[in-house]
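Every number for a ligand or one of its atoms is a count from 1 in the order of the listing.
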Amino acid sequence: MTRVRRALFPAAGLGTRFLPATKAQPKEMLPLVDKPIIQYAVEEAIASGLENLVIITGRGKNAIEDHFDISYELEKILEERGKSDLLDLVRAVSEMVHIAYVRQKEALGLGHAILVARDLMNDEPFAVLLGDDVIEANPPCIRQMIDIYDRYQVSVVALMEVPVEETTRYGIVKAKQMSNGDEGLFEIADMVEKPPRDKAPSNLAIIGRYILTPSVFDALAETGTGSGGEIQLTDALRRMLANERILGYKFRGKRHDAGDKLGFLQATIEFALKNEELGPAFRAYLKSIDLDKI
Ligand code: G1P
């Protein structure tokens with residue numbers, strides 16, 4: 001029996017949906033209230049017991065490495081000014097965990113980004129977390145999926161039902177619910193990346209959480225460009241289906257699409273409302289707004 005110990009965070013994308021904000025700043029560093037988007041996924045992996053974290057970066061992404069590193073100057077200044085609360089916050093980020101970085105030299109797609117990290121995955125099953133999908137869940141979404149991997153020892157992708165008109169934005173699966181009483185588990189028969197609406201095999205979309213067996217790397221190496229002219233993970237998984245099972249899992253939890261402007265705003269509002277410090281004042285402010293006057 002193999003165990004999932006490693007996690008990959010692809011963060012090399014160009015962030016075109018948030019331009020011009022992402023011209024000189026990685027989209028992974030845009031804050032949801034007071035934490036950069038990518039930190040939510042990193043904290044989810046840590047809370048799920050994953051020990052070896054690898055972030056795939058690219059040009060212009062140095063801020064991500066700096067964020068999880070020690071900031072001597074900032075710590076010194078906070079210390080001198082007696083700002084111990086802030087000092088603790090800043091230190092907690094760099095003390096969280098050891099993270100390795102690998103660079104994807106060209107933005108050739110999610111599938112290609114994962115292939116770049118092949119040597120660091122040590123021929124073991126691993127988790128993939130896409131930071132754009134921020135998921136509130138208890139136990140954390142990726143933990144729920146590791147538990148499924150532990151039982152079945154096959155790749156698992158997270159699934160969620162989406163409105164039919166949104167199927168063009170996701171990897172969509174053809175799948176059958178498993179009949180052995182396992183709640184939320186699907187046997188995947190096929191999948192397609194961002195299909196035109198009339199070609200979508202269902203409204204079950206792949207959400208950015210995966211547990212993958214190492215055979216995905218051979219499949220990725222054989223996968224050519226697909227949707228959007230990029231090497232797609234979905235196409236490689238489809239290829240794997242010829243040789244091995246892949247399960248779909250409708251996770252328990254709430255997913256926010258922080259990779260989309262509207263989703264990002266919605267997540268910001270919900271997280272701000274739940275924030276211990278800001279919540280009450282922010283709630284009062286929202287209630288006071290006369291929406292017809294803005
Ligand atoms: C990626 C995957 C897609 C998946 C989506 C989930 O697409 O390629 O299959 O449905 O993440 O968020 P992206 O949103 O990066 O274009």
Once you measure the plane-to-plane angle for F217 and F126, does it fall in the parallel (<30°), tilted (30-60°) or perpendicular (>60°) bin?
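Rings of F217 and F126: parallel, as their planes differ by under 30°.
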Tell me: protein heavy atom nearest [atom], and distance?
| atom | result |
| --- | --- |
| atom 5 (C) of ligand 1 | I206 O, 3.9 Å |
| atom 9 (O) of ligand 1 | E193 OE1, 2.7 Å |
| atom 14 (O) of ligand 1 | R17 NH2, 3.9 Å |

N/O of [X] under 3.5 Å from N/O of ligand 1, yes or no?
| X | value |
| --- | --- |
| L110 | no |
| D133 | yes |
| I207 | no |
| K194 | yes |
| T234 | yes |

Given the side-chain rings of Y40 and F271, with only the six-membered ring counted for Trp, is the space between their centroids under 6.0 Å?
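Between F271 and Y40, which both carry aromatic rings, the centre distance is below 6.0 Å.
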N122, CG: over 12 other non-hydrogen atoms inside 6.0 angstrom:
yes
Compare all side-chain heavy atoms of F9 with those of V54 and state whether any distance is below 4.5 angstrom.
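Side chain of F9 against side chain of V54, heavy atoms only: no contact under 4.5 Å found.
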Show the atoms of ligand 1 that are less than 4.0 angstrom away from any heavy atom in Q232.
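Reading through ligand 1 atom by atom, the close ones are 8 (O).
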I need the contact type for L130 against ligand 1. Using non-hydrogen atoms and a strict under-4.0 Å cut-off, is it side chain, backbone, both or neither?
side chain
Can you tell me how far apart CG (L286) and CG (L273) are? Round to the nearest 0.5 Å.
5.5 Å
So how far is it from Q177 CD to L204 CG, rounded to the nearest 0.5 Å?
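Rounded to the nearest 0.5 Å, the CD-CG separation comes out at 9.0 Å.
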Looking only at side-chain N and O atoms, does T2 offer a donor or acceptor that is under 3.5 Å from a partner on E124?
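E124 vs T2: no donor-acceptor pair found between side chains.
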